[in-house]
Amino acid sequence: MPASSNEDVFVPWGPDAVGQPAQIAVVPATAGEPVDADYRNATWIDGEASLHVGAGTDLELEPGVYVIWSRVTIGDRRPVRRSGVLTVGNP
């Protein structure tokens, strides 16, 4: 995505997760697994967890390569998944 863009990042989870508390973290590819402070609350749109990122949002991204992580709380379980890669600008 261009560094000047702002858009939604979508993460599919499956029908059992929809509507449960979901969070998404977008961290530099070199950072490893995110810590709790990296996660932001996601919303559900058409069965996928979603987070608005980029220019003018609460999560502005500099040009670079990022890993998208997500987690969902279902009862006493909170699975974490490496959910994708996002390239911003021309790193």
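Note that the structure is a prediction, hence the values are computed from the model and not measured.
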For residues R82 and V67, determine if any side-chain heavy atom of one lies less than 4.5 Å from a side-chain heavy atom of the other.
yes

Does some side-chain heavy atom of V85 sit less than 4.5 Å from a side-chain heavy atom of Y66?
no

Drop me the distance from E33's CD to D38's CG, to the nearest 0.5 angstrom.
10.0 Å

Roughly how far, to the nearest 0.5 Å, is the CG atom of L59 from the CD1 atom of I24?
10.0 Å

Atom pair OG1 (T43) and CG (D8), whose distance is rounded to the nearest 0.5 Å
7.0 Å

Give a yes or no answer on whether the side chain of N6 reaches the backbone of A55 with a donor-acceptor pair at less than 3.5 Å.
yes

Without swapping roles, check the side chain of S5 against the backbone of A3 for a donor-acceptor pair under 3.5 Å.
no

L51 versus Y39: any side-chain heavy-atom pair under 4.5 Å?
no

Hey, is the main chain of D58 close enough, under 3.5 Å, to the side chain of R40 for a donor-acceptor pair?
yes

For the atom pair NE2 (H52) and OG1 (T57), what is the distance rounded to the nearest 0.5 Å?
6.0 Å

Does one hydrophobic cluster hold both V18 and I74, with members joined at side-chain heavy-atom distances below 4.5 Å?
yes

Could you tell me if the side chain of W69 sits less than 4.5 Å from the side chain of S83, heavy atoms only?
no

Electrostatic pair D36:R71 at N-O distance under 4.0 angstrom:
yes

Do S70 and W13 have a side chain donor and acceptor closer than 3.5 Å?
yes

Under 4.5 Å between side-chain heavy atoms, counting indirect links through other Ile/Leu/Val/Met/Phe/Trp/Tyr residues: same cluster for V26 and W44 or not?
yes

Taking the side chain as every heavy atom from C-beta outward, state whether V53 and M1 have any atom pair closer than 4.5 Å.
yes

